[in-house]
Protein chains: 2
Amino acid sequence: MTHVKIARGAISTGRYGQAMAEIETGAVSENRTKRKPRAANAPPAAGSGIRARSAAKNSDIVYRDLHKAIVTMELAPGAPVLERKLTEQYGVSRTPVREAVLRLVEDGLVEVAPKSGTFVARIPLSVVREALVARRALEEVTVRAATELSSESRIMQMRAIIQQQQEMADAGDEEAFHQADDAFHASIAAAARYPGIWKMIQQVRIQVERYRRLTLPQTGRMPMVVKEHTAVLDAMAAGDADAAVARMNEHLNKLQLDISIFRDLWPDYFTIDPVLDEKLFASR
Amino acid sequence: MTHVKIARGAISTGRYGQAMAEIETGAVSENRTKRKPRAANAPPAAGSGIRARSAAKNSDIVYRDLHKAIVTMELAPGAPVLERKLTEQYGVSRTPVREAVLRLVEDGLVEVAPKSGTFVARIPLSVVREALVARRALEEVTVRAATELSSESRIMQMRAIIQQQQEMADAGDEEAFHQADDAFHASIAAAARYPGIWKMIQQVRIQVERYRRLTLPQTGRMPMVVKEHTAVLDAMAAGDADAAVARMNEHLNKLQLDISIFRDLWPDYFTIDPVLDEKLFASR
DNA sequence: GAAAATTAACTGGTATACAAGATATATTAG
DNA sequence: CTAATATATCTTGTATACCAGTTAATTTTC
């Protein structure tokens, strides 16, 4: 994890210049008593929503970096997350670092032991299990709605995405392949007009993603994914929602829990709940 | 929204006493150089997970209170959330208040305009629409799994919950009625061993809940809900998963978007996205 | 030597002070 | 009287200092 210190703004003049001007006018204290405090803040106008001009805050940068590092397993489950170290790496104070860490806690990617330490969260097996179920359920309704709503241009756009994914598979670029994979599913969600549900899908995907990264790249898996995506899209193009849902389920069911991963290879990365994971216990 | 200041601990002695003791022993600087800094924090033992002894932090209290106030519409969409005011109400500093507010932002219940103000988020119509879809999808897989896993005792427990709900309906206690409603659905999730999915369901419910609170209590609705719950449970008890899913869908489909709510009654509480809500536009 | 007690130095939680942008009011100009 | 300008005082974002609890190395005790 290599970071560059967040560039601070140029040396700010602060309020000095203004203060000098005030002194020059020679009318400071008089005005202070005359002015009345401004009224309570009014809410933004209806329909306009909050302004979207929010500049990227330092905490956002730290959050994004950490998030990526954790999802890619660059930071392994159980690894300590030292606030102090992060403040030095990014050249910011603890406040924005803390903010980022708290958001990661909310995401279930980080756990904090009060007054003791903060650590990259281990992966509860039950969470992966549930994430697979939840994702299937959400992608199902999404692809169904998308089939009914998708335009011809959308279908063409998705064919292009699949084509690109094919090219990435041929090139063996796994990272780009997964980006295209993401784009395909995102496109379905966009066609369905379900941005919120897409957000939920992404959240549960993250939990599975950490698990998936541990499985060695299976030979021949990338071309297979392309075929599965094509099958989904063909059904969508034909306007057959039931078929599209079925193809999507077949696609998603390919990713199954491989118990050897956490039993033999990385037992420290997972936590097992005796009651929630009782079935897995039985099959052991 | 009436709050009592969070009770602070007794006056702390700080480190003064310890410093005095050090002086009395007369061996301060010598020891300082002898001790070596402790090793880097070790992650918690595998399998044990993080200790769950985390005491309720002040930020949690503020978060819970605000969360409740927003969901119950005690704080209306668009209402300002003043950090300063909250620090005074709770008798804590801005830090924990800020923490709580940030969590609410993550929940989509609050929006902040940088350097300007923080406000209770308006309800995007599209979010409610998607929440209804997502909840149906998630409750579907949950009730299906619950039907296959639920024990006799669980069924009996759920019958008790329905009975209690019936009693609350008779008493006309809407608040308690909704709590029992929540308990019923929670029990299904527990039977399905889906705590994570239940969490997701609750999250999307919150968005709908704010909308639901705006609809006047419909006469005869509570007894109907009890009937619907009973139908779901009967199917579960019979082990008929498909029927249970069907009954659950019928139950959830009772709550539909009533366009007059935001067109005529509380237009300021909602935001409408011209592209995501195009269908609603058309039907207007 | 081994186990218990001690203690320095780590951690995250909180309080407070300051910085910088946004906004309503007061002021001024026409 | 109206519109443009100025500015005091709001707001949130950030930095820093301190508090309190945990932990591991040290010391002590047997």
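Side chains included, hydrogens not; waters and symmetry mates left out as well; all remaining heavy atoms used. Chain naming here is simple, since letters A, B, ... match the order of the sequence lines and numbering starts at 1 in each.
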Rounded to whole angstrom units, what separation is found between the [atom1] atom of [X] and the [atom2] atom of [N]?
| X | N | atom1 | atom2 | result |
| --- | --- | --- | --- | --- |
| B:R84 | C:dT16 | CZ | P | 12 Å |
| A:N58 | C:dA19 | CG | P | 17 Å |
| A:L86 | D:dT14 | CG | C1' | 16 Å |
| A:K115 | C:dC10 | NZ | C1' | 13 Å |
| B:K57 | D:dG21 | NZ | P | 15 Å |
| A:E99 | C:dG12 | CD | P | 16 Å |

Taking the six-membered ring of B:Y63 (Phe, Tyr or Trp), confirm whether the NZ or CZ of B:R103 is under 6.0 Å from its centre and within 45° of its axis.
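Output yes; distance and angle both within limits.
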Does the side chain of [X] get closer than 4.0 angstrom to OP1 or OP2 of [N] through an N or O atom?
| X | N | result |
| --- | --- | --- |
| A:T95 | D:dT14 | no |
| A:S116 | D:dT23 | yes |
| A:T118 | C:dG12 | yes |

Pairing residues for A:H67 by the side chain to side chain donor-acceptor pair (under 3.5 Å) criterion, not counting sequence neighbours:
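For A:H67, no residue satisfies side chain to side chain donor-acceptor pair (under 3.5 Å) once neighbours in sequence are set aside.
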Nucleotide of [options] approaching [X] most closely (side-chain heavy atoms):
| X | options | result |
| --- | --- | --- |
| B:V92 | C:dA15, C:dT14, D:dA15 | C:dA15 |
| B:L82 | C:dT14, C:dG12, D:dT11 | D:dT11 |
| A:S93 | D:dA15, C:dC18, C:dT11 | D:dA15 |
| A:R94 | D:dT14, C:dT14, C:dA20 | C:dT14 |

By side-chain contact (heavy atoms from CB on, under 4.5 Å), B:A76 pairs with (sequence neighbours left out) B:Y269
Looking for any heavy atom pair under 4.0 Å, which part of the strands does A:V97 touch: base, sugar-phosphate only, or nothing?
nothing
Between B:V92 and B:N58, which heavy-atom pair has the shortest distance, and what is it?
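Shortest heavy-atom contact: CG1-ND2, 3.7 Å.
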